[in-house]
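To start, the structure under review is shown below, and the notes come after it.
Side chains are part of it too, since the values below use all heavy atoms of this structure and drop only hydrogens, waters and symmetry mates.
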Amino acid sequence: MTVSTQELLLSRIRDVPDYPKPGVLFKDITPLLADPAAFTALTDALAELCVRHGATKIVGLEARGFILAAPVAVRAGIGFIPVRKAGKLPGATLSQAYELEYGTAEIEVHAEDLAAGDRVMVIDDVLATGGTAEASLELIRRAGAEVAGVAVLMELGFLAGRDRLEPALRGAPLEALITL
């Protein structure tokens with residue numbers, strides 16, 4: 001990805017102070033999504049990472065990961081699989097609980113959507129503390145698939161998600177287009 005692409009993406013991310021609570025500086029990607037040139041550049045950059053790392057499927061993490069991962073899957077010519085919050089998928093699922101700052105949460109995937117031989121790239125908008133991404137890696141492996149890597153638009157380095165995720169990656173790459 002070129003510096004100009006990175007600058008374009010960063011210029012379309014809006015800072016929203018004190019959202020969702022006082023003291024938090026929220027990174028809003030809706031201006032990026034509304035700009036066809038920026039959204040295309042993002043889609044192309046993530047698709048290139050999927051191809052480079054040999055992904056055969058893409059997992060998008062609820063909710064903004066869906067928005068990014070679906071067009072990337074189309075662009076890369078590979079399948080898209082949503083990882084949802086617990087209770088949102090019909091039929092047989094695999095679920096994985098994970099720790100949040102205050103409490104726990106759970107994500108699910110359709111058990112039949114991943115299989116041995118699949119190389120799966122996880123895509124999300126932000127790597128913050130790494131909990132959801134870490135749980136998704138466990139789900140992928142429990143389904144019998146291999147992790148091709150994790151790719152995110154933004155990594156919030158000050159939250160140390162990379163450190164938390166590193167052991168779960170087991171050598172697979174973690175690619176952040178922008179690190180803040």
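Side-chain atoms of T43 and T40 include no donor-acceptor pair closer than 3.5 Å. Looking only at atom types and distance, the side chain of T132 has a donor-acceptor partner in the side chain of Y98 under 3.5 Å away.
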L156 and L127: CA distance, side-chain angles, deciding distance, side chain to side chain contact (heavy atoms under 4.5 Å, CB included) verdict: CA-CA 6 Å; L156 304 179; L127 175 65; over 6 Å; no
Derivation and outcome, side chain to side chain contact (heavy atoms under 4.5 Å, CB included), residues V126 and V152: CA-CA 6 Å; V126 174; V152 297; over 6 Å; no
CA sep, side-chain torsions, deciding dist, call: E106, K85, salt bridge (charged side-chain N to carboxylate O under 4.0 Å, His left out): CA-CA 6 Å; E106 194 171 358; K85 295 174 183 166; over 6 Å; no
Audit row: I13, D28, side chain to side chain contact (heavy atoms under 4.5 Å, CB included) steps and yes/no: CA-CA 6 Å; I13 297 169; D28 180 16; 5.9 Å; no
Intermediate values then yes/no, salt bridge (charged side-chain N to carboxylate O under 4.0 Å, His left out), R164 and E134: CA-CA 8 Å; R164 176 178 180 169; E134 181 182 38; 2.9 Å; yes
From CA spacing to verdict: side chain to side chain contact (heavy atoms under 4.5 Å, CB included), T104, E99: CA-CA 4 Å; T104 61; E99 298 290 322; 3.6 Å; yes
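Each of L153, V59, L46 was scored for a side chain to side chain contact (heavy atoms under 4.5 Å, CB included) with I123, with one residue passing: L46. With respect to R141, the side chain to side chain contact (heavy atoms under 4.5 Å, CB included) criterion is satisfied by exactly one of V120, L114, V147: V147.
Using a 4.5 Å heavy-atom cutoff, the side chains of L25 and K27 are in contact. In this structure the side chain of Q96 never reaches within 4.5 angstrom of the side chain of S136, judged on heavy atoms. Residues I178 and Q6 form a side-chain contact, since some pair of their non-hydrogen atoms from C-beta on lies under 4.5 Å apart. Counting heavy atoms from C-beta on, the side chains of V24 and D18 never come closer than 4.5 Å.
From T93, atom OG1 reaches atom NZ of K88 across 13.5 Å, with rounding to the nearest 0.5 Å. The CG atom of D118 lies 4.0 Å from the OG1 atom of T56; values are rounded to the nearest 0.5 Å. To the nearest 0.5 angstrom, L33 atom CG is 9.5 Å from R64 atom CZ. A distance of 8.0 Å separates CG of L180 from CZ of F158, quoted to the nearest 0.5 Å. In this structure, CG in L42 is found 11.0 Å from CD1 in I67, a value given to the nearest 0.5 Å. Within the model, atoms CG of D15 and CZ of F26 stand 10.5 Å from one another, a figure rounded to the nearest 0.5 Å.
With respect to the salt-bridge test (charged N to carboxylate O, under 4.0 angstrom), the residues E155 and R162 qualify. E62 has a carboxylate O that lies under 4.0 Å from a charged side-chain N of R84, or vice versa, which qualifies the two as a salt bridge.
Formation of a donor-acceptor pair under 3.5 Å by the R119 side chain with backbone atoms of G54 is found in this model. With hydrogens and angles ignored, the 3.5 Å screen pairs no side-chain donor or acceptor of H53 with any backbone N or O of V150.
In terms of heavy-atom proximity, I78 sits nearest to C50 at CD1-CB, 4.3 Å. The heavy-atom pair separating A69 from I58 by the smallest distance is CB-CG2, 3.7 Å. Taking all atoms of both residues into account, the shortest heavy-atom contact from F39 to P71 is CZ-CG, 4.0 Å. The shortest non-hydrogen separation linking L68 to D125 is CD1-CA, 3.6 Å. Considering all non-hydrogen atoms of both residues, L8 and A38 come closest at CD2-CA, 3.7 Å. For the residue pair P173 and A148, the shortest heavy atom distance occurs at CD-O, 3.2 Å.
Listed by chain and residue number, R52 satisfy the side-chain hydrogen bond (donor to acceptor under 3.5 Å, both in side chains) test with E48 (two or more places apart in sequence, or in another chain).
No single ILVMFWY cluster, assembled from side-chain heavy atoms under 4.5 Å apart, contains both L139 and L89.
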